Amino acid sequence: MHHTIFFDNASSTRTDARVFEKMKPFFMQKYGNPSSLHDMGQEAKDAIEEARDRGAALLGVAAQEIYFTSCGTESNNFALWGLAKSLQDKGKHIISSSIEHISILNPLKELKKQGWDYTLLPVDSFGMVNPEDLAKEIRKDTVLISIMHANNEVGTIQNLKTLAKIASEKDITFHSDGIAAAGIIPMDLKDLGVDAYSISSQQMYGPKGAGAVYVQKGHRLKPYLLGGTQERGRRAGTENVPAIVGFGEAAKLAAEEMHIHAAHITGLRDAFIKGIMDQIKNVKLNGHPQKRLPGNVHISFEYIEGESILLLLNMEGIAAASGSSCASQALKNSQVLLSMGLTPTTAQGSILFSLGKFNTMQEVDRVLEVLPAIIDKLRKMSPLYKEE
Amino acid sequence: MHHTIFFDNASSTRTDARVFEKMKPFFMQKYGNPSSLHDMGQEAKDAIEEARDRGAALLGVAAQEIYFTSCGTESNNFALWGLAKSLQDKGKHIISSSIEHISILNPLKELKKQGWDYTLLPVDSFGMVNPEDLAKEIRKDTVLISIMHANNEVGTIQNLKTLAKIASEKDITFHSDGIAAAGIIPMDLKDLGVDAYSISSQQMYGPKGAGAVYVQKGHRLKPYLLGGTQERGRRAGTENVPAIVGFGEAAKLAAEEMHIHAAHITGLRDAFIKGIMDQIKNVKLNGHPQKRLPGNVHISFEYIEGESILLLLNMEGIAAASGSSCASQALKNSQVLLSMGLTPTTAQGSILFSLGKFNTMQEVDRVLEVLPAIIDKLRKMSPLYKEE
Amino acid sequence: MVEYSKQVIDHFMSPRNVGEIKDADGIGEVGNPTCGDMMTFYIKVKDHKLEDIKFKTFGCGAAIAVSSMVSELAMGKTLDEALSITNKDVAQKLGGLPKNKMHCSNLGADALHKAIQDYKQKNEK
Amino acid sequence: MVEYSKQVIDHFMSPRNVGEIKDADGIGEVGNPTCGDMMTFYIKVKDHKLEDIKFKTFGCGAAIAVSSMVSELAMGKTLDEALSITNKDVAQKLGGLPKNKMHCSNLGADALHKAIQDYKQKNEK
Ligand SMILES: Cc1ncc(COP(=O)(O)O)c(C=O)c1O
Ligand SMILES: Cc1ncc(COP(=O)(O)O)c(C=O)c1O
């Protein structure tokens, strides 16, 4: 395991050792329930509040605007449902995009069953939403817009500020799924002008088991998990203290070190892309040439299918992904790629290499060493490929 | 912190060192996403499936009947909503009890807003639901019954088998909140005859951040968190692998060692209750004299108020609770105690000491040393108390 | 421990002036045990001044600390001075109280004022 | 790695009989790249026996392993024997396939049968 080259940071990141150190005491020493009145409860509560401060600092918002959840999916479900339910007397139309994560798209379908209506905006071949499209689709009863910040598959970063401005001019609440972006690229949510934002710990070298929703003060937010008064009544359930503490530390480290890592990762990414382009024919880089996540290398290899590429990479100790990991076992073609206009056949042969702060140029070189032969082997097996 | 006498195991338990050891590699070495196709993903998936086997073994059910969640509250929300939604074409009446945890009661209120109806069964002065009451309240449109296994405040254990039988005879789905019971008292869910059951890791020396729902094969269960296809499409969101692994280990340890711990804890409990009764006048043990959780010591101290007792205990390094910890900061009077017929004044002066496997007789002795003086001090301050 | 200030903890742990005055000149009671807090104040008055104050309180840490602080603040003051003490003053002197305690537990000044009114009523005849 | 058996991994890593037969006696094609799997089988027939089999496959690990296994199973067999090989047999020989692969990827026998039918059609005239 330890020699795996992990180019799948979009699915999961290694917990930073400093984050883990910070979490450790909360399992066997500081194990109080944050709702308990006694010192051990208060100690846990203080730790959560410190984590909240750090999460808020990363996003440039106030601590009391942050609500912790158990994962990115819960953040998205909660934000959509909690905002939609709070706004339902004003209207029941939601606008989102066709490249959203399934933890946005599926709740939208459920809301539709419950009487809401929604519109999904198209994207261009780079995966960008056109602000004019957004303006056009706004209706009298549009109360909520949810457009992701960075796409987890192709890495495209939206012009969030422009989109949020259109919403705010019409007094429509604007949410963004920032799970692939937070902790990776710098941001100031107040400057971006979004009303609500979802983030997740495990995408930024924090542990699994913690997510958060930012909701700007003044917005109503109906709780999704119901029960006790945790998170000021917005999210019931005993807090996952160690994970939240780890999330806080990850946010602090991200705020401090993000620019260094981004430079490092961008360097790897660009070298890797150039290496692939130089050595392998009939490949296509998906996503936006400039507005992309630092670690995103999303490539379509013509004539062959993604899973078989992944398998051969895996045999070489290289971990990568095809499409979104939550769907990768389902083998469905990526809606994101189809929305960007790829043919189904090309979409089938797409691989996401997602680089992270722990990756090195040696690893990039090693992958570039084995990748051409893998692609060649599979192409030679493919009925679609005619040797030149 | 380290010298705290932790008599608040109903709020949170210390993670067993063996559990923590098992979890450790999943932060920095085995950090793959279980949905990923590569070896690191598969390794994480295998770990989750092993945990599922262990949770299933603890409950005496099949692994594919277990769905992991993020906490007890989510388990209860999910089970109630998922079952109610699946059964709604048959009817929309639910029966529950007046001593349920708030993570059952609040979702019931929400379901009511969405068109369901529910009936809460009363309890007797020991906190027991009368099976005849259940039989009486069943209507033509009753589709779901949810009655907790053991009460988290007063420790009363219901005659679950009798209650579940009444449900099954009428072909009504029976759920039980087993969060205070699982891993603490032996159980075989197939023998008990329940269709669905909620459990939580942090109540059984596992980490915070993992819960589970058992739903018997053949029952439909609509997902509550929507998105990817994790947990066979029943619970979206990247799995909290370390916490689930810890949960599995905690389940394994509980299955193996529960009887030893139960004997130890029951011994402490009975000595503690006797000590209190012998030394302090005008106290009342709440809950059932026999059918109670091994570690539960729930006492009403007449003439005084609970929080001030907790504060003075805390000053002596003793952690205890008043009522349910999720409500303890809200200062509301416990509905459980009022349902059992306590006067509001007596309910105010109630303390839950919950003992666990890490507690010792020395600790019991130490608390018995300081408790009488604490009660005396507060009573001397109380306008309700007339010295005899 | 909860979010109590040092002053609250101090007054809770070592409350000043706990007790009853058998031949009190005025008695004031607020709250009731059902809602969790109840305070009874006893006063002795001499030359329009509070010569002695005692209290008994059923309630949470804040209620006890508030009672103690009020008794300390008012001791030796004229009745008018004592009447001008507000619940808010008391909370401030205690370094603040948790938000959920401001409502029910912070009734010490009310109880003292009631005791003074009781005294006045008895002596206005 | 996914839930593939040792046999699947073996056939995927070292597929038998990959390639084309330029002057094939029969060609069979199933699937299409849009749904993720496509297989083309080429056969040479002599004395009613499969003298040679080659395949080309676009698809996942299972699809490639299935193709390879079918070619191995059928090699040298009579046409009738080859026609009696089912997709289920192939999955079994491979030590089982993950459930979600049984449907789309397990089409090797179909492709081979198509090639045989193609041969028969051409030779029935
Ligand atoms: C009986 C019972 N049900 C539900 C819960 C809620 O669990 P959690 O706080 O872990 O979400 C608890 C919590 O202690 C409980 O004791
Ligand atoms: C953009 C985006 N949104 C939502 C999610 C869902 O997060 P999780 O799987 O942690 O629940 C992910 C997961 O990777 C993501 O990348």
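Treat the numbers as computed from the prediction; the structure is a model and nothing was measured. The sequence lines fix the lettering, A, B, ..., with proteins before strands; numbering per chain opens at 1.
With hydrogens and angles ignored, the 3.5 Å screen pairs no side-chain donor or acceptor of A/T73 with any backbone N or O of B/A236. At distances below 3.5 Å, not a single donor-acceptor pair connects side-chain atoms of A/N33 with backbone N or O atoms of B/S12. Looking only at distances, a side-chain donor or acceptor of B/T15 sits under 3.5 Å from a matching main-chain atom of A/F27. No donor-acceptor distance shorter than 3.5 angstrom exists from the side chain of B/N106 to the backbone of A/L226, with no hydrogens or angles considered. Without hydrogens or angle criteria, B/N314 side chain to A/D39 main chain gives a donor-acceptor distance under 3.5 Å.
Residue A/Y224 touches chain B through both its backbone and its side chain, counting heavy-atom pairs closer than 4.5 Å. With a threshold of 4.5 angstrom between heavy atoms, A/N76 does not approach chain B through any atom at all. In this structure, no portion of B/A243 lies under 4.5 Å from any heavy atom of chain A.
Partner A/T238 forms a side chain to side chain donor-acceptor pair (under 3.5 Å) with one of B/K208, B/Q202, B/Q203 and no other, that one being B/Q202.
Partners of A/S75 under the side chain to side chain donor-acceptor pair (under 3.5 Å) rule, at least two apart in sequence or in another chain, are A/T69. Judged as a side-chain contact (heavy atoms from CB on, under 4.5 Å), and not counting sequence neighbours, the contacts of B/A44 are B/P34, B/V241.
A heavy-atom distance below 4.5 Å is not found between the side chains of A/L310 and B/H38. Between B/R14 and A/K30 the shortest side-chain heavy-atom distance does not fall below 4.5 Å.
Of all the listed residues (B/G32, B/S200, B/G246), the one sharing the greatest number of non-hydrogen pairs under 4.5 Å with chain A is B/G32. Contact count against chain B (heavy-atom pairs under 4.5 Å) is highest for A/K222 among A/K109, A/Q114, A/K222. Most heavy-atom pairs under 4.5 Å with chain A: of the set B/I104, B/I318, B/T13, B/L313, this distinction falls to B/T13.
Here the NZ-NZ distance, from A/K85 to B/K113, works out to 8.0 Å after rounding to the nearest 0.5 Å. Taken to the nearest 0.5 Å, the CG atom of A/D8 stands 9.0 Å off from the CG atom of B/L37. Atoms CG and SG, on A/N240 and B/C71 in that order, are 9.0 Å from each other to the nearest 0.5 Å. Here the CE-CZ distance, from A/M40 to B/F6, works out to 5.0 Å after rounding to the nearest 0.5 Å. Rounding to the nearest 0.5 Å gives a distance of 8.0 Å between CZ of B/F358 and OH of A/Y31.
The minimum heavy-atom distance linking A/R235 with B/S70 is given by the pair NH2-OG, 3.2 Å.
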